[in-house]
Structure formats: structure tokens, C-alpha cells
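Remember, it's 1-based here, ligands and their atoms both numbered in the order they're listed.
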Amino acid sequence: MVMETNKEYTNGEVTIVWKPQLCAHSAICARGLPGVFKPKEKPWIHPHGATSEEIIAQVAKCPSGALSGYYNNEKENS
Ligand code: SF4
């Protein structure tokens, strides 16, 4: 059985979900929103580094599906 270890980071309004086992380290997220995605830091995701709209738009561009996000007030598919 494969262990899924999803990491979640929230700014109180939106939550960023990161699945490390899917991440291809292409750094598209870091180039798109360098204030949020800082691969050299731990933790590397800083949910306060951009607006919620920018975060939701950027996670949708992750090519591997490692990143996703949702608005906390409309939490879907748990
Ligand atoms: S864009 Fe997606 S696959 Fe690329 S580094 Fe970011 S999280 Fe990983």
C-alpha cells in the first residue's frame, strides 16, 4: 500500500495541497509565484506570499498534479 502524504498550507482563506510524491520539481510554481513557492526553504510553501486568487491560478498550472488548492469556505471532496 502506497502512503499518501499530502501537505496542506493555508492562509486562512485558501488551502494549498501539495503531494510530494507527484512533484516533478519543475519549479514552474516557483517561477510563477516566487513569494509563495520557495524550493530552497523549509517549509517551502508560504501561503501568505500572494493573493488567494494568484495562488489558485498558479496551482492549476502545476504540470504533475502535485499542487491543488481550494477555498476554505467551499471545501470539496475532502
Ligand atoms: S509546479 Fe508542481 S511539479 Fe513543478 S515544482 Fe511546483 S509543485 Fe512540483
Checklist entry - Is it true that some N/O/S atom of C29, main chain or side chain, lies under 2.8 Å from atom 6 (Fe) of ligand 1? => result yes
Checklist entry - Among protein heavy atoms, which lies nearest atom 2 (Fe) of ligand 1, and at what distance? => result C62 SG, 2.3 Å
Checklist entry - When rounded to the nearest 0.5 angstrom, what distance separates NZ in K7 from CD1 in I16? => result 14.0 Å
Item to check | Mode of F37 contact toward ligand 1 - side chain, backbone, both, neither (heavy atoms, under 4.0 Å) | outcome: neither
Checklist entry - Hey, what do you get for CH2 (W44) to SG (C23), rounding to the nearest 0.5 Å? => result 5.0 Å
Item to check | Ligand-residue contact atoms, ligand 1 with A24, heavy atoms, under 4.0 Å | outcome: 3 (S), 8 (Fe)
Item to check | Sub-4.0 Å atoms of ligand 1 with respect to non-hydrogen atoms of W18 | outcome: 7 (S)
Checklist entry - Which value, rounded to the nearest 0.5 Å, describes the distance between H25 atom NE2 and S64 atom OG? => result 9.0 Å
Next on the checklist: I'd like to know whether V59 forms a side chain to side chain contact (heavy atoms under 4.5 Å, CB included) with V14, so could you lay out the CA-CA distance, the side-chain angles of the two residues, the decisive distance to 0.1 Å, and finally the verdict.
Outcome noted: CA-CA 11 Å; V59 299; V14 297; over 6 Å; no
Checklist entry - Does any N, O or S atom of S26, backbone or side chain, fall under 2.8 Å from atom 4 (Fe) of ligand 1? => result yes
Checklist outcome for this item: To atom 3 (S) of ligand 1, the nearest of S64, P39, A66 on a heavy-atom basis is S64
Item to check | Numbered atoms of ligand 1 (with element) below 4.0 Å of P63, judged on heavy atoms | outcome: 1 (S)
Next on the checklist: Within this structure, what is the OG1-OH distance for the pair T10 and Y70, rounded to the nearest 0.5 Å?
Outcome noted: 7.0 Å
Checklist outcome for this item: CD1 (I55) and NE2 (H48) are apart, to the nearest 0.5 Å, by 8.5 Å
Checklist outcome for this item: The protein heavy atom nearest to atom 8 (Fe) of ligand 1 is C23 SG, 2.3 Å
Item to check | Within one Ile-Leu-Val-Met-Phe-Trp-Tyr cluster: I28 and L22, side-chain cutoff 4.5 Å | outcome: no
Checklist entry - How close does the nearest protein non-hydrogen atom get to atom 5 (S) of ligand 1, and which residue and atom is it? => result A27 N, 3.2 Å
Item to check | Value rounded to 0.5 Å, distance of CG in N11 from CG in N72 | outcome: 7.0 Å
Checklist entry - Any idea which atoms of ligand 1 are less than 4.0 Å away from a heavy-atom of L67? => result 7 (S)
